[in-house]
Amino acid sequence: DAYLEQYPLITEMWLMTCNRESIGETDACLFPMTEATVDRWLQLYNQRMADVPNAAYLDSKDGKEFLENGDCYFVHRNGKLLGIGKAAGDSIDIVIAAERGMGETVMQALCSILTEDVVRVMVAGSNDRAVRLYRRMGFLAVSITDKWYRVL
């Protein structure tokens, strides 16, 4: 919208895509979110996203919706939590590493359940760490889907 461009741009939302076969595989395992684990999943999301520019805060209402959709997971290897994510069809909507350096493994694990050849992720252009990870894994920005402005 031309009207909004008079305000400071906060970030652009990018659609990035990659061929699933080029992402690689991992021996990490996925465990679905359950009613017993939804609070832990939300807690980990909110802790890890607290310092990410423009990230949303999730609450129990979001958790209920995620449980109904059945597309949220914990990623483990040998009993150790590596991260969490939300993925279905051709899209990975949330990627959270439990500790630095695990993002690629979490992405690979989430890709293992996708059903399409091309993987899609949405990312805020201001989320430098995520953008670097996705580019390193072979993702390319194919479009700007939204722009967020600071309307004073």
Side-chain angles (χ1 to χ4, degrees), residues 9-77 80-150:
L9 179 66
I10 296 174
T11 192
E12 296 173 331
M13 294 303 295
W14 299 349
L15 170 63
M16 298 183 80
T17 64
C18 181
N19 288 327
R20 187 174 54 159
E21 66 187 29
S22 68
I23 292 174
E25 297 182 9
T26 181
D27 61 347
C29 299
L30 293 176
F31 295 91
M33 173 199 292
T34 65
E35 286 189 31
T37 61
V38 63
D39 290 338
R40 176 65 181 126
W41 196 98
L42 293 170
Q43 176 188 39
L44 184 57
Y45 173 92
N46 288 327
Q47 285 174 344
R48 297 296 292 166
M49 295 300 280
D51 295 329
V52 174
N54 311 304
Y57 178 86
L58 300 179
D59 61 22
S60 59
K61 185 175 109 178
D62 298 302
K64 182 178 179 182
E65 180 182 329
F66 292 168
L67 278 170
E68 289 173 6
N69 293 339
D71 57 359
C72 292
Y73 301 91
F74 291 87
V75 180
H76 286 259
R77 179 187 288 133
K80 181 177 179 176
L81 176 65
L82 304 180
I84 60 172
K86 182 177 185 299
D90 68 347
S91 297
I92 297 178
D93 297 322
I94 295 174
V95 177
I96 305 290
E99 55 188 62
R100 281 195 176 278
M102 292 294 112
E104 185 169 351
T105 300
V106 173
M107 283 287 291
Q108 290 168 332
L110 293 169
C111 282
S112 72
I113 61 162
L114 298 182
T115 58
E116 302 297 325
D117 293 334
V118 175
V119 177
R120 302 162 35 105
V121 296
M122 295 288 295
V123 63
S126 59
N127 188 344
D128 294 331
R129 287 190 328 214
V131 169
R132 277 194 309 273
L133 169 65
Y134 300 153
R135 284 185 172 149
R136 189 174 65 244
M137 293 183 74
F139 284 83
L140 298 173
V142 295
S143 66
I144 297 170
T145 62
D146 205 358
K147 293 182 179 183
W148 296 355
Y149 295 92
R150 183 176 314 280

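Interatomic distance, CE of M102 versus CG of L81, reported as 11.0 Å (0.5 Å rounding). Taken from CE in M122 to OG1 in T145, the straight-line distance is 3.0 Å, to the nearest 0.5 Å.
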Show the atom names and distances, to 0.1 Å, of all donor-acceptor pairs under 3.5 Å that link a side chain in residues 15-26 to residues at least two apart or in another chain.
residue	atom	partner	partner atom	Å
R20	NE	E116	O	3.3
R20	NH1	L114	O	2.3
S22	OG	N19	O	2.8
T26	OG1	A28	N	3.2
T26	OG1	R77	NH2	3.2

Just list the side-chain donor-acceptor pairs under 3.5 Å for residues 85-96, sequence neighbours left out, or say none.
residue	atom	partner	partner atom	Å
K86	NZ	D71	OD2	3.0

Side-chain donor-acceptor pairs of residues 43-52 under 3.5 Å, sequence neighbours excluded:
residue	atom	partner	partner atom	Å
Q43	OE1	R40	NH1	3.2
Y45	OH	A56	O	3.3
N46	OD1	L58	N	2.9
N46	ND2	L42	O	3.3
N46	ND2	L58	O	2.8
R48	NE	A97	O	2.8
R48	NH2	A97	O	3.4

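Between the side chain of D59 and the main chain of D62, a donor-acceptor pair closer than 3.5 Å is present.
Annotation: ring-ring contact (aromatic ring centres under 6.0 Å, His included) contacts involving residues 96-138, sequence neighbours excluded, comprise Y134-F139. Residues in residues 87-115 take part in no ring-ring contact (aromatic ring centres under 6.0 Å, His included) pair, two or more places apart or across chains. The ring-ring contact (aromatic ring centres under 6.0 Å, His included) contacts involving residues 10-34 comprise F31-H76, where partners must be two or more places apart or lie in separate chains. Pairs of residues two or more places apart, or lying in two chains, that qualify as ring-ring contact (aromatic ring centres under 6.0 Å, His included) and include a residue from residues 53-72 are W41-F66. Within the structure, side-chain hydrogen bond (donor to acceptor under 3.5 Å, both in side chains) pairs that include any residue of residues 99-113 comprise K80-E99 (at least two apart or interchain).
Proximity of R135 to L140: side-chain heavy atoms (C-beta onward) are nowhere separated by under 4.5 Å. Contact of the L30 side chain with the I113 side chain is registered, since non-hydrogen atoms from C-beta on lie closer than 4.5 Å.
Taking every heavy atom of both residues into account, V131 and A124 meet most closely at CG2-O, 3.9 Å. Contact record, L133 with G103: CD2-C, 3.8 Å, taken as the closest heavy-atom pair.
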Stepwise side-chain contact (heavy atoms from CB on, under 4.5 Å) check, L82 with F74:
CA-CA 8 Å; L82 304 180; F74 291 87; over 6 Å; no
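In this structure D146 satisfies the side-chain contact (heavy atoms from CB on, under 4.5 Å) test together with M13, W148, sequence neighbours excluded. When the side-chain hydrogen bond (donor to acceptor under 3.5 Å, both in side chains) test is applied to S143, no partner is found at least two apart in sequence or on another chain.
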